[in-house]
Amino acid sequence: MTELARRTGAVNLGQGVPELPSPPGLLEEVAGAVRAGSNQYPPAAGFPALREAVAGHQRRRYGLEYRPQDEVLVTTGATEALASALLALCDPGDEVIAFDPVYDAYPAGARFAGARLVPVPLAEDGDGFVLDADALRAAVTPRTRVLLLNTPHNPTGKVFTEAELAVVAGLCVEHGLTVVTDEVYEHLVYDEGVHRPLAALPGMRERTLVISSAGKTFNVTGWKVGWVCGPAPLVAAVAAAKQFLTYASGTPYQEALARALGGVEAWAAELRGTLRRNRDLLSEGLSRAGLRPLRAEAGYFLQADVRAWGYTDGVRFCRELPLRAGVVAIPTSAFQLYPDAPSHFVRFSFCKREESVLAAVEKLLKAA
Ligand code: PMP
Ligand code: GLN
């Protein structure tokens with residue numbers, strides 16, 4: 001879809017690539033680190049200062065304690081953390097449960113390990129999605145090895161509520177499941193919402209690998225600095241896989257982010273303001289254009305129902321939209337594994353400049 005946007009000159013609200021600025025001080029720090037010669041391999045587990053900053057962040061925000069020495073591992077983005085975690089935890093034939101729609105790296109990561117992703121559909125509740133506890137319970141089998149939870153969720157923008165997290169946690173404890181959480185949008189929760197890591201619930205810390213990254217929080221998706229926190233034996237297993245995927249990466253970025261993470265709260269509050277405004281502009285625009293928007297409580301994305309424009313298939317809608325309206329979106333089906341999943345949703349990203357969002361809205365209204 002990004003290629004289609006390039007070819008057609010359409011406004012690209014497809015891929016979640018931010019057009020928004022990064023903290024200026026952070027950019028200066030990286031430039032300084034490069035010039036000062038910080039250009040060789042960092043320690044395999046990540047710079048000690050960054051591991052300490054991540055541990056401090058988890059303690060301050062969530063009351064979760066991790067030892068920087070052996071319970072925090074820096075990775076090449078959340079993507080490598082996810083792949084390494086699944087390689088570390090799964091044997092061939094194992095099953096990994098995740099909520100559908102699923103971020104596309106999860107089924108691929110499970111396949112790397114010879115495991116299979118079992119999608120559990122989220123239930124629609126009018127303008128958003130809720131946990132279907134029965135569907136989750138029914139998905140657990142003797143082969144279930146890992147539950148992978150993404151909250152805030154891509155592509156729906158859903159934030160799992162405390163009550164939903166309690167249901168998920170209860171089931172993981174009951175069945176002895178190991179848990180991997182993907183929390184890359186942890187700082188981007190709008191309105192009165194709060195992000196709570198599943199690891200903070202009773203009985204969960206000891207069975208959970210928490211994954212996040214700097215990409216979304218600081219608008220530096222190209223830097224690919226992520227991390228994983230968890231009990232030492234689980235983190236050691238992830239490190240064993242990571243060692244032979246990339247070994248280590250991002251030396252100057254790690255150095256700069258170690259300092260930036262301490263001041264993340266003020267920065268993230270400002271970024272949330274920008275993104276929330278964009279979300280509202282896009283949501284209102286989609287509504288006016290007749291493309292019913294769903295609730296987006298967090299993250300970069302908003303989903304819309306394309307049926308009022310005469311489509312039942314989001315793929316066809318997204319292929320035709322650049323020519324019909326000059327806008328690019330991504331069909332939600334790219335994230336759906338569940339056989340009966342609805343096909344009429346598409347995903348628009350709003351991590352863009354306000355002008356891009358307004359331009360897209362104007363084009364959609366014209367084409368409506
Ligand atoms: N998980 C989710 C849910 C995402 O949306 C993304 C964004 N690309 C990632 C993981 C990947 O993060 P990173 O760029 O740090 O690898
Ligand atoms: N995570 C971003 C998205 O969902 C982009 C990353 C990618 O395209 N692999 O659009």
Side-chain angles (χ1 to χ4, degrees), residues 82 86 94-107 109-110 115-186 189 191 193-204 207-208 292-299 301-307 312 314 331-347:
L82 286 159
L86 292 170
D94 283 350
E95 292 172 357
V96 176
I97 287 178
F99 293 103
D100 194 280
V102 288
Y103 183 58
D104 55 2
Y106 307 163
R116 188 171 74 86
L117 193 130
V118 176
V120 174
L122 290 167
E124 279 181 67
D125 75 341
D127 70 342
F129 292 90
V130 290
L131 172 75
D132 179 345
D134 294 333
L136 175 58
R137 222 167 276 121
V140 180
T141 77
R143 297 308 315 246
T144 309
R145 186 76 184 82
V146 171
L147 182 138
L148 206 172
L149 178 73
N150 173 215
T151 185
H153 185 258
N154 177 7
T156 64
K158 171 181 172 54
V159 177
F160 280 71
T161 63
E162 186 76 24
E164 289 174 327
L165 293 175
V167 170
V168 175
L171 195 100
C172 293
V173 171
E174 183 187 331
H175 293 278
L177 303 182
T178 303
V179 176
V180 176
T181 63
D182 176 346
E183 308 183 15
V184 298
Y185 298 102
E186 62 186 316
V189 179
D191 311 316
V194 274
H195 169 66
R196 245 272 275 172
L198 188 59
L201 273 75
M204 294 308 289
R207 63 178 70 249
T208 302
R292 180 177 68 94
L294 302 191
R295 196 167 73 229
E297 299 157 339
F301 308 109
L302 193 64
Q303 288 194 99
D305 179 341
V306 299
R307 284 175 296 184
T312 49
T332 298
S333 61
F335 306 95
Q336 289 165 325
L337 297 178
Y338 194 69
D340 297 328
S343 58
H344 54 264
F345 290 123
V346 303
R347 190 194 80 169

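No hydrogens, no waters, no symmetry mates; every other heavy atom, side chains included, goes into these values.
- Here Leu122 contributes atom CG and Phe99 contributes atom CZ; the two are 6.5 Å apart, rounded to the nearest 0.5 Å.
- Atom-to-atom distance recorded for Phe345:CZ and Glu124:CD is 4.0 Å, nearest 0.5 angstrom.
- To the nearest 0.5 Å, atoms CG (Leu171) and CD1 (Ile97) are separated by 7.0 Å.
- Checking each of Val130, Leu149, Thr151, Leu136 against Glu164 for a side chain to side chain contact (heavy atoms under 4.5 Å, CB included) leaves exactly one that passes, namely Val130.
- In terms of heavy-atom proximity, Gln336 sits nearest to Pro101 at CG-CB, 4.1 Å.
- The heavy-atom pair separating Ala139 from Val120 by the smallest distance is CB-CG2, 3.5 Å.
- Side-chain atoms of Thr312 and His344, non-hydrogen and from C-beta on, never get closer than 4.5 Å to each other.
- Taken from CG in Leu177 to CZ in Arg207, the straight-line distance is 7.5 Å, to the nearest 0.5 Å.
- When the options Val168, Leu198, Leu148, Val146 are evaluated for a side chain to side chain contact (heavy atoms under 4.5 Å, CB included) with Val179, the one that passes is Leu198.
- With Asn150 contributing its side chain and Asp182 its backbone, the two residues share a donor-acceptor pair below 3.5 Å.
- Ring planes of His153 and Phe160: perpendicular class, angle over 60° (limits at 30 and 60°).
- Within the 4.5 Å cutoff, the side chain of Cys172 has heavy atoms near those of the Met204 side chain.
- Considering all non-hydrogen atoms of both residues, Phe129 and Lys158 come closest at O-NZ, 3.2 Å.
- Formation of a donor-acceptor pair under 3.5 Å by the Asp132 side chain with backbone atoms of Asp134 is found in this model.
- To the nearest 0.5 Å, atom CZ of residue Arg145 and atom NE2 of residue His175 are 15.0 Å apart.
- Across all their heavy atoms, Leu337 and Pro119 have their closest contact at CB-CG, 3.7 Å.
- Side-chain contact between Val180 and Leu82: present, with at least one pair of heavy atoms (C-beta onward) separated by less than 4.5 Å.
- Distance check: Arg196 CZ to Glu183 CD gives 11.0 Å after rounding to the nearest 0.5 Å.
- The heavy-atom pair separating Ala98 from Tyr106 by the smallest distance is CB-CD1, 4.4 Å.
- Taking all atoms of both residues into account, the shortest heavy-atom contact from Pro202 to Val173 is O-CG2, 4.5 Å.
- The one candidate from Val159, Asp125, Thr156 that meets the side chain to side chain contact (heavy atoms under 4.5 Å, CB included) condition with Arg295 is Asp125.
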